[in-house]
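Following: one structure in structure tokens, then a few remarks.
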Amino acid sequence: MRNKVNILGSCVSRVCMLDGNRNGHGIADDDMDLGYYFHNQNIVCLMTPPSFSHEEIDMIKGEELYDANNLRGLRQCLYKDTINMLLESDAQWLVMDLYDMQIDFCMLGKGMFSPYNYEFFNTSLYERYKDQVICSNFMRLTDAVYYGYIDAFFDKIMHKYDSDHIIFNCFRANQYYFAKDGTVQFIPENCRNGMTANFEYNKKLYEVEDYIIQKYNPYVIDLSKYFMGDERIWGDDLNGAHFEEKFYRETFKQIKRIIEGKTKEKYFANPNFFSDADMSAWERFDIENALCIFQHFLDTDDLLWMNILDKLNKLAPKDERVQYYMKCLGDSFA
């Protein structure tokens with residue numbers, strides 16, 4: 001039987017399943033099929049009742065939205081039938097991430113819902129209820145408000161996907177990116193907004209992820225903390241949730257190993273640094289800038305130092321400073 005996968009998360013997991021090709025379709029593997037892909041739907045909102053009737057939701061029209069292609073996704077967020085769709089699906093696997101836990105949500109009555117790229121605020125339905133709609137964000141709330149909903153989600157979903165069929169893709173908002181000029185830069189303030197990955201949420205998100213991992217024991221892939229954004233791939237879209245291509249490929253490789261039954265390792269957090277020789281895409285790389293930022297990462301215990309040293313070792317292997325750091329690395333594991 002062919003393996004079929006549902007995705008509940010964001011582009012963080014979706015592009016992984018495309019092996020880094022964000023313009024692709026389905027799954028980048030001939031032996032796997034894509035079932036549902038749900039995004040902009042955090043797991044807490046999923047567990048609250050709908051705020052609107054189906055009739056009201058069906059009245060939303062594509063011409064009201066910034067992008068008419070968002071109509072289906074917005075309605076899906078408001079219908080609140082995602083859990084039932086996941087439970088009734090014929091997919092055997094669920095790949096998920098919690099990036100969308102960081103995005104603002106709306107409250108109306110007893111329900112919470114995602115505004116789906118803020119499209120909800122463009123609708124006549126919002127105009128009808130705008131005096132009653134409250135906007136908030138889970139990362140600004142106390143733990144007690146939403147941990148019960150997280151438990152309710154997993155208690156429900158694990159009737160179908162047990163701990164050996166859920167793959168949890170951990171997420172950290174990246175704060176740095178590789179610029180087109182070959183330097184490593186800090187993501188500027190003008191690239192941040194309420195819809196993008198907020199760096200201050202990294203610690204809070206880690207706590208939520210750790211809670212889920214410890215209690216429900218899914219397969220875990222924890223690689224994003226080793227990687228940065230990449231202006232050469234994403235252009236100006238440096239939103240903290242877009243990574244260099246190697247992140248997606250490394251993650252997809254591990255997802256395939258799990259699904260194909262080639263590993264029983266529940267927690268994977270070891271990127272393939274210092275062995276993969278392919279650096280053909282790096283036409284420009286500022287060695288002096290990289291050495292400076294490498295030292296900064298090393299001094300601040302930021303795991304990104306491994307990423308930088310890996311590239312330095314491949315692109316400037318004869319530099320005496322690089323050789324020194326590689327020797328220190330080798331000695332530390334001797």
Side-chain angles (χ1 to χ4, degrees), residues 9-24 39-40 97-103 117 139 169-206 209 221-253 269 271-273 276 278-298 300-312 314-315:
S10 67
C11 61
V12 174
S13 294
R14 182 70 191 100
V15 181
C16 286
M17 299 303 291
L18 292 168
D19 201 24
N21 176 15
R22 56 199 171 99
N23 296 315
H39 63 120
N40 281 287
D97 66 76
L98 297 185
Y99 166 54
D100 289 330
M101 284 285 286
Q102 298 186 108
I103 299 175
N117 293 333
M139 296 301 152
N169 191 8
C170 291
F171 166 73
R172 303 290 176 276
N174 54 53
Q175 303 186 52
Y176 296 88
Y177 71 99
F178 292 106
K180 291 179 181 178
D181 65 2
T183 62
V184 176
Q185 303 289 340
F186 193 79
I187 293 180
E189 287 290 340
N190 62 6
C191 291
R192 309 182 200 181
N193 59 57
M195 294 170 60
T196 59
N198 294 287
F199 310 143
E200 63 268 24
Y201 294 161
N202 278 349
K203 182 178 183 296
K204 192 76 169 179
L205 192 61
Y206 171 82
E209 288 178 343
I221 301 175
D222 190 4
L223 294 180
S224 67
K225 59 191 176 185
Y226 295 97
F227 293 96
M228 291 180 254
D230 194 334
E231 186 181 26
R232 300 162 314 151
I233 297 173
W234 294 99
D236 294 333
D237 200 359
L238 303 168
N239 69 359
H242 291 158
F243 294 87
E244 52 190 302
E245 201 168 63
K246 186 177 176 68
F247 161 72
Y248 302 108
R249 291 182 172 177
E250 287 282 291
T251 301
F252 187 45
K253 184 189 304 181
N272 187 26
F273 291 141
D276 180 6
D278 183 16
M279 294 293 290
S280 58
W282 288 87
E283 298 176 359
R284 302 182 69 180
F285 188 72
D286 190 315
I287 304 300
E288 296 304 319
N289 168 266
L291 282 163
C292 181
I293 199 72
F294 164 77
Q295 190 62 55
H296 168 71
F297 290 150
L298 203 59
T300 57
D301 293 323
D302 191 324
L303 290 172
L304 290 173
W305 71 263
M306 297 178 66
N307 187 320
I308 299 298
L309 184 57
D310 177 51
K311 291 177 173 60
L312 283 167
K314 290 166 182 170
L315 294 168

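Just so it is clear, the model here is predicted, and its values are computed rather than measured. Atoms considered below: every heavy atom in the structure, side chains included; atoms not considered: hydrogens, waters and symmetry mates.
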Considering all heavy atoms of both residues, which atom of [X] and which atom of [Y] are nearest to each other, and what is their separation?
X: Ile233; Y: Arg22; value: O-NH2, 2.6 Å
X: Phe294; Y: Leu309; value: CE1-CB, 3.7 Å
X: Ser224; Y: Cys170; value: OG-O, 3.4 Å
X: Arg284; Y: Lys180; value: CD-O, 3.8 Å
X: His296; Y: Thr300; value: O-OG1, 2.9 Å
X: Asn169; Y: Cys16; value: ND2-SG, 3.9 Å

Q) Any side-chain heavy-atom pair from Phe178 and Ile308 closer than 4.5 angstrom? A) yes

Q. Are any of the side-chain heavy atoms of Lys246 and Leu223 separated by less than 4.5 Å?
A. no

Measure the [atom1]-[atom2] distance between [X] and [Y] for me, rounded to the nearest 0.5 Å.
X: Ile221; Y: Glu250; atom1: CD1; atom2: CD; result: 10.5 Å
X: Asn40; Y: Asn117; atom1: CG; atom2: CG; result: 4.5 Å
X: Glu244; Y: Arg232; atom1: CD; atom2: CZ; result: 8.0 Å
X: Phe252; Y: Ser13; atom1: CZ; atom2: OG; result: 12.0 Å
X: Leu304; Y: Met228; atom1: CG; atom2: CE; result: 5.0 Å
X: Ile103; Y: Met101; atom1: CD1; atom2: CE; result: 11.5 Å

**Q.** Partners passing side-chain hydrogen bond (donor to acceptor under 3.5 Å, both in side chains) against Asn272 (at least two apart in sequence or in another chain)
**A.** Ser275

**Q.** Results of side-chain hydrogen bond (donor to acceptor under 3.5 Å, both in side chains) for Ser10 - residues two or more places apart only
**A.** Asp97

Q: Show your reasoning for whether side-chain contact (heavy atoms from CB on, under 4.5 Å) applies to Glu245 and Asp230.
A: CA-CA 8 Å; Glu245 201 168 63; Asp230 194 334; over 6 Å; no

Counterpart residues, side-chain contact (heavy atoms from CB on, under 4.5 Å), relative to [X] (two or more places apart):
X: Asn174; answer: Ile187, Phe243
X: Ile287; answer: Phe285, Leu291, Leu312, Ala316, Asp319
X: Ala179; answer: Tyr177, Asp181, Thr183, Gln185, Glu231
X: Leu18; answer: Arg14

Q) Is a side-chain donor or acceptor of Asn239 paired with a backbone partner of His242 at a separation under 3.5 angstrom? A) yes

(Q) Looking at Glu209 and Arg172, is there a salt bridge between them, counting it only when a charged N and a carboxylate O are closer than 4.0 Å? (A) yes

Q. Only one of Tyr226, Phe273, Tyr176 forms a side-chain contact (heavy atoms from CB on, under 4.5 Å) with Asn307, so which one is it?
A. Phe273

Q | Verdict with supporting geometry, Val12 and Phe247, side-chain contact (heavy atoms from CB on, under 4.5 Å) | A | CA-CA 10 Å; Val12 174; Phe247 161 72; 4.1 Å; yes

